[in-house]
2 protein chains.
Amino acid sequence: MEINEKLFKALANQTRLDILQWLKDPEKEITSVSCETVRYMMTEKGGICVQDIVKKAGLAQSTVSKYLSDLQDCGLLESERHGKWTYYRRNEANLQALAKLIATAL
Amino acid sequence: MEINEKLFKALANQTRLDILQWLKDPEKEITSVSCETVRYMMTEKGGICVQDIVKKAGLAQSTVSKYLSDLQDCGLLESERHGKWTYYRRNEANLQALAKLIATAL
DNA sequence: AGTAAATATCGACTTTTCTCGATTTATCGA
DNA sequence: TCGATAAATCGAGAAAAGTCGATATTTACT
């Protein structure tokens, strides 16, 4: 994790900020599938799949897919592929590292 | 201080990030005037004046002036006007508040 | 092999940001 | 009051980001 322009560019968009927040409490935020399904995805698959985030965001699939990889590229998200699905989750270690860096290095 | 798109947009530019860093240790970073002058500006005037930041940045005066007011608008900088000069300094309280918010609310 | 589904990538157009030079505003000193 | 200086604001053209629909890739299931 490091403080640079790319990182803050990723955060400089309301939808990408929203995605980070949704993934903080997905059982509450992701409503296109049941709460049980969300819990299963998070614990067994390691995240939320793209289509459920697309539904929540209300933007084109291509746009959301790009946003997710942008957030992964700068270390704020991580993902696991299981078959056809890619599951995205927050990279909590990097989010905490970022907070520390802002406190000390910004 | 609050986490929003505007704040991160302000941080999503290398020159604006640089300005924040320069103002962290201006005696070392600001070299268009003497070290004693920098110390005097910081302690007696409450910051570094625009023209010295313009020289350091190497961009047009209008651009840097805009950047400084952008950074002030989102709470990362504060300023004092003394006569013809406006002196900018970091808003350390808000920077620490931001770090805390990222650790807890992002 | 062939089809279908989920995601990723591409190309194009729109919107926003960057950046400048010119101008305006504010303040000082003669 | 006039001229000079510092900073802020304005308008315009260039560069970057946002966004979409179409297409490609990957994987699963017959």
Side-chain angles (χ1 to χ4, degrees), chain A residues 4-20 23 30 32-33 37-38 40-41 44-74 76-89, chain B residues 4-20 23 30 32-33 37-38 40-41 44-74 76-89:
Chain A
N4 56 27
E5 196 183 355
K6 180 178 172 187
L7 169 71
F8 290 117
K9 276 187 194 300
L11 292 170
N13 174 280
Q14 192 57 56
T15 302
R16 288 190 297 262
L17 283 175
D18 289 343
I19 289 171
L20 280 170
L23 294 180
I30 302 299
S32 52
V33 293
T37 303
V38 171
Y40 171 75
M41 284 197 291
E44 302 302 319
K45 302 296 184 178
I48 301 295
C49 65
V50 177
Q51 58 183 337
D52 290 331
I53 302 172
V54 169
K55 284 169 192 156
K56 180 84 180 177
L59 294 172
Q61 182 269 329
S62 58
T63 302
V64 174
S65 176
K66 175 75 158 46
Y67 283 0
L68 290 167
S69 71
D70 289 344
L71 287 166
Q72 179 165 241
D73 285 348
C74 69
L76 295 171
L77 294 184
E78 47 197 347
S79 70
E80 276 179 42
R81 181 111 193 193
H82 290 265
K84 284 185 286 195
W85 293 270
T86 306
Y87 297 88
Y88 284 91
R89 63 176 176 271
Chain B
N4 56 28
E5 196 183 353
K6 180 179 171 187
L7 169 71
F8 290 118
K9 276 187 193 299
L11 292 170
N13 173 280
Q14 192 57 55
T15 302
R16 288 190 297 262
L17 284 175
D18 288 343
I19 290 171
L20 281 170
L23 294 180
I30 303 298
S32 53
V33 293
T37 302
V38 171
Y40 171 76
M41 286 197 289
E44 303 302 320
K45 301 296 184 178
I48 301 295
C49 66
V50 178
Q51 58 184 336
D52 289 330
I53 301 171
V54 169
K55 284 171 194 155
K56 179 84 179 177
L59 294 173
Q61 182 269 329
S62 57
T63 301
V64 174
S65 175
K66 175 75 158 48
Y67 283 0
L68 290 168
S69 71
D70 289 345
L71 287 166
Q72 179 165 240
D73 286 347
C74 70
L76 295 171
L77 293 184
E78 48 197 347
S79 69
E80 275 179 44
R81 180 109 192 195
H82 290 265
K84 285 185 286 196
W85 293 271
T86 305
Y87 298 88
Y88 283 91
R89 62 175 175 271

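Below, read A as the first sequence line, B as the second, and so on, with proteins coming before strands; counting in each chain starts at 1. Keep in mind that this is a model prediction, so the values were computed, not measured.
- Judged by closest nucleotide on DNA chain D, A:G58 is the one of A:K84 and A:G58 placed further toward the 5' end.
- For the pair A:I30 and A:V38, the tightest heavy-atom approach, listed with the atom from each and the gap, is O-CG2, 3.7 Å.
- Here D:dC20 is the nucleotide among D:dC20, C:dA22, C:dT7 with the atom lying nearest to any side-chain atom of A:A60.
- Counting non-hydrogen atoms under 4.0 angstrom, A:Y88 reaches the backbone sugars and phosphates but no base.
- Of the possible polar contacts, one joining the B:R16 side chain to the B:K9 backbone as a donor-acceptor pair under 3.5 Å is found.
- Distance from the side chain of B:R81 is smallest for C:dT27 among the nucleotides C:dA6, C:dT27, D:dT19.
- One atom, CG of A:L77, and another, P of C:dA8, lie 12 Å apart when rounded to the nearest Å.
- Within a heavy-atom distance below 4.0 Å of DNA chain D, the residues of residues 50-57 of chain B found are B:V50, B:Q51.
- The shortest distance between side-chain heavy atoms of A:D73 and A:K6 falls below 4.5 Å.
- Summarising the geometry, the separation between CG on B:L59 and C1' on D:dA15 is reported as 14 Å, rounded to the nearest angstrom.
- Interface residues of residues 6-16 of chain B facing DNA chain C, ordered by number: B:K9, B:N13, B:R16; criterion, heavy-atom separation under 4.0 Å.
- Smallest separation of non-hydrogen atoms from B:R89 and B:G46: NH1-O, 2.8 Å.
- Between B:E5 atom CD and C:dT16 atom P the separation is 10 Å, expressed in whole Å.
- Atom-to-atom, CD of A:E80 to P of C:dA8 comes out at 14 Å; the value is rounded to the nearest Å.
- The nearest whole Å value for the distance from the NE2 atom in B:H82 to the C1' atom in D:dA7 is 15 Å.
- Going from atom CG of B:L76 over to atom CG of B:L23 covers 11.0 Å, rounded to the nearest 0.5 Å.
- Between the base of D:dA8 and the side chain of B:Q61 there is a donor-acceptor pair shorter than 3.5 Å.
- The side chain of A:S62 sits closest to D:dC20 out of C:dA6, D:dC20, D:dA7.
- In plain terms, the two heavy atoms of B:A57 and B:V64 that are nearest each other are CB-CG2, 4.0 Å.
- Note on ring orientation: taking the six-membered ring where Trp is involved, the planes of A:Y87 and A:H82 are perpendicular (angle over 60°, cut-offs 30° and 60°).
- Shown here for B:T86 and B:S79, the closest heavy-atom pair between the two residues is CG2-CB, 3.9 Å.
- D:dA7 atom P lies 13 Å from atom CD1 of B:I19, rounded to whole Å.
- Summarising the geometry, the separation between CH2 on A:W85 and P on D:dT27 is reported as 13 Å, rounded to the nearest angstrom.
- Side-chain atoms of B:M41 and B:D52, non-hydrogen and from C-beta on, do get closer than 4.5 Å to each other.
- Atom OG1 of A:T15 and atom CG of A:L71 lie 10.5 Å apart (nearest 0.5 Å).
- Residue A:D18 contributes atom CG, which lies 15 Å from atom C1' of D:dG18 at whole-angstrom precision.
- No side-chain heavy atom of B:Y88 sits less than 4.5 Å from a side-chain heavy atom of B:I19.
- Heavy-atom minimum distance, B:L17 versus A:N4: CD1-C, 3.8 Å.
- Annotation: proximity of residues 63-71 of chain B to DNA chain C (heavy atom, distance under 4.0 Å) is found for B:T63, B:Y67, numbered in ascending order.
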